[in-house]
Amino acid sequence: MDGLKRTHDCYSLTETSLNQEVVLMGWVLRRRDHGGLIFIDLRDRKGITQVVFAPEVHDESHQKAHSLRSEYVIAVKGIVRRRPEGMENPKIKTGMIEVACRDLRILNTSKTPAFSLDEEGEISENLRLKYRYLDLRRPHMVEGIILRHRVCQTMRSYLNSRDFLEIETPVLTRSTPEGARDYLVPSRVSPGCFYALPQSPQLYKQILMVSGLERYYQIVKCFRDEDLRADRQPEFTQLDMEMSFIDEDDIIDLIEGLLCLLFKETLGKAIRAPFQKLTFQEAMDRFGTDRPDTRFGLELCDISDIAAVCGLKVFQEVVSANGVVKAINAKGMGDFSRKDLDDLTGFATGLGAKGLAWIKIKEGGSWQSPVAKFFSEEEKTAIRQRLDAAPGDILFFGADRKSAVCRVLGELRMELARRRNLVPKGEFGFTWITEFPLMEYDEDEARFVSLHHPFTAPMNEDLEMLSSEPANVRSRAYDLVLNGIEIGGGSIRIHQASVQEAVFRALSISENEAGDKFGFLLEALEYGAPPHGGIAFGLDRLVMLMAGKDTIRDVMAFPKTHKAQCLLTNAPANVSMAQLAELYLKPDWKKVPK
RNA sequence: GGGGUCGUAGUUCAGUUGGUUAGAACGCUGGCCUGUCACGCCAGAGGUCGCGAGUUCGAGUCUCGUCGACCCCGCCA
């Protein structure tokens, strides 16, 4: 660096350094060239400091500064001085001072960036991903990266202080049935065989418990080859943990302590523990989803019993076919226009609803509704009481199979909240969801599949139903939901081989297959496996919510596009025939792109 | 696999019913400017309207296809 040593950063320089000679190094954010006097906003990771080039201070630097352009990398030696009266800039932290340059070194030039690194304006994500190194220079991106770092640091120190061991598990592992599609890695030394990248270190961490290590954690990459979403990337990071000799309450206490600390340390925000707890059943009944945003009301209400006997045929038929009729009272939203209601109906039918019945409650309690005539006065009274309906309210109804009603009304609830700004910004609503069903019937596969994963322990009191009525067995699983987004999930595991075998049976996983795919786990359980359980957190999602971002891409340094491509490196890419041959792979050239 | 939004200058966008030479702001280049901080003023350069067909006398605009980004459903134990 031409013999200069950096003495300060562009954030921490204050009036305490007045008249001192300092050396700053960073990037040229903006140049304001007045001809006789030149100002540079110098940016580094920490912040911005104004540098002044004046001929009377140092003529040569002033001359040289004319050639500075955006994103040139420079070193500046100069004197810290107070800005003239009235020239302070309260918008930046170093706004009281400036550095009068006595020596300017251009460490590197830069092509004009494809987009402005100033904070204003949205830039297409294409460009941001292609020039990720430029995007990451922008302060709000740096903030996300730093927040993520601090979250990880806090997690580590919290768990370290509670006797956890950080242990790495393999990335090259074996493909197991159930769950997401695996990313596969061909083996060179075992022709025709493949490793799989882990969807989670689930089996390894259980084996660590059998190993007697008692408390494990790891901040670890996981891989799932499924379609992407704003909160889903093919590779993502989990805080993964597992503990022996604990039950649900121990984990919940530990995690609540962790989150309180995280929010306090990184955001300076106090959150209240214990968090709200809902059983899966309650969550579905009241919010229509197993990941409810509990920061506002608009809860769902079952009126199947009233609907069963009312004059509206579709309601009757749905109930007699074992479906349900549920309603939302949208308090005070009776001013929705005809167009609003058409939009909302379109929203509902887009989710698979056949329609969306509604009732406006007018002054005096009369009903304005296309379906009003099908209800007797008695039924109207019953509905009004059940839903606590008052003039100015509008009621929305869903009638269908239970799962469909929950999906439609659950989403409608969110939509209503968005339209009326009921979702409090900056507030964090944590909810535990417990007592999940252990398994559910999969029509396509014609068998029961795990809701969580096959190693989740059934609730003791439901154990005997495992063979008789598997759909009604509840599990010892728990999810943590934050603002309607699942940020963590875990369970108490099965630690007895006999129970594990019974669960495999209920899942129609044959003894042969279980032995082949999970034999090592079954065998391990027979060597003194302690009771254990754990949880995993989606680090990306947690940091996204803490940072107030809408996508996890904004808190990942190098995310992939919707098509799982990296626009920076252009991965995935073709490989040579020689590489393929070495792996005993034969490409179908018809499907090879380009 | 399905539904939707978008694609025009380096960037963000406008572009009327299909009609002359496709515009603006910012950025960029050159010039002027000693207190700016989104500096200002003057001048200038910059376009495969994503790509390919089609309709038409004529397509940025209409039709079909295709590519890409994003959002959602399916999928994600």
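As the structure is a computational prediction, the values presented were derived from the model and not from experiment.
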Please classify the nucleic acid contact of [X] as base, sugar-phosphate, or nothing, using heavy-atom distances under 4.0 Å.
X: A/A230; answer: sugar-phosphate
X: A/E125; answer: sugar-phosphate
X: A/S200; answer: base
X: A/E88; answer: base
X: A/D33; answer: base

*Go through the N and O atoms of the side chain of A/R31 and the base of B/G40, and report whether any donor-acceptor pair is under 3.5 Å.*
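Per atom types, no contact qualifies.
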*Side chain A/R83 and base B/C37 donor-acceptor under 3.5 Å*: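 Under the 3.5 Å cut-off, the side chain and the base do form a donor-acceptor pair.
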*Residue pair A/H66 / A/D33, side-chain donor-acceptor N/O under 3.5 Å*: yes
*For A/T176 and A/R174, test the side chains for any donor-to-acceptor distance below 3.5 angstrom and give the result as yes or no.*
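Per modelled atom types, A/T176 and A/R174 side chains form no pair under 3.5 Å.
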Which nucleotide wins on minimum distance to the side chain of [X], given the candidates [options]?
X: A/N126; options: B/G74, B/C76, B/G68; value: B/G68
X: A/D227; options: B/C37, B/C28, B/C75; value: B/C75
X: A/R232; options: B/C76, B/C28, B/U36; value: B/C76
X: A/R32; options: B/C70, B/A69, B/C39; value: B/C39

*Across all strands, who's sitting opposite B/G60 as a Watson-Crick or G-U wobble pair, both distances under 3.5 Å?*
none
*Hey, which of these two, A/R553 or A/R224, hits RNA chain B nearer its 5' end, going by closest nucleotide?*
A/R553
*Find which nucleotide of RNA chain B each of A/E411 and A/K91 is nearest to by heavy atoms, and output the residue with the more 5' nucleotide.*
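Result of the comparison: A/K91.
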What is the distance, rounded to the nearest whole Å, between atom [atom1] of [X] and atom [atom2] of [N]?
X: A/D550; N: B/C72; atom1: CG; atom2: P; result: 10 Å
X: A/I38; N: B/C33; atom1: CD1; atom2: P; result: 12 Å
X: A/I123; N: B/A25; atom1: CD1; atom2: P; result: 20 Å
X: A/Q50; N: B/A38; atom1: CD; atom2: C1'; result: 14 Å

*Below 4.0 angstrom from OP1 or OP2 of B/U36, is there any side-chain N or O of A/R30?*
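No.
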*Side-chain N or O of A/Q565 closer than 4.0 Å to phosphate OP1/OP2 of B/A69*: yes
*asked:* Using the P atom as the point on both nucleotides, what is the distance between B/G60 and B/G52, in whole Å?
replied: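 Here B/G52 and B/G60 have their P atoms 13 Å from each other.
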*Is the aromatic ring centre of A/H562 closer than 5.5 Å to the centre of the six-membered base ring of B/C70, with the two planes inclined by less than 30°?*
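So no, this residue does not stack on that base, at least one cut-off failing.
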_With the six-membered base ring of B/U36 as reference, does the ring of A/F39 sit under 5.5 Å away with planes under 30° apart?_
yes
*asked:* Would you call the rings of A/Y441 and A/F448 parallel, tilted or perpendicular, taking 30° and 60° as the class edges?
replied: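 Geometry flag for A/F448 against A/Y441: perpendicular rings.
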*asked:* For a side chain to side chain contact (heavy atoms under 4.5 Å, CB included) check, start with the C-alpha distance between A/K93 and A/K46, then their side-chain angles and the critical distance, and finish with the verdict.
replied: CA-CA 10 Å; A/K93 199 239 169 196; A/K46 298 275 180 69; over 6 Å; no
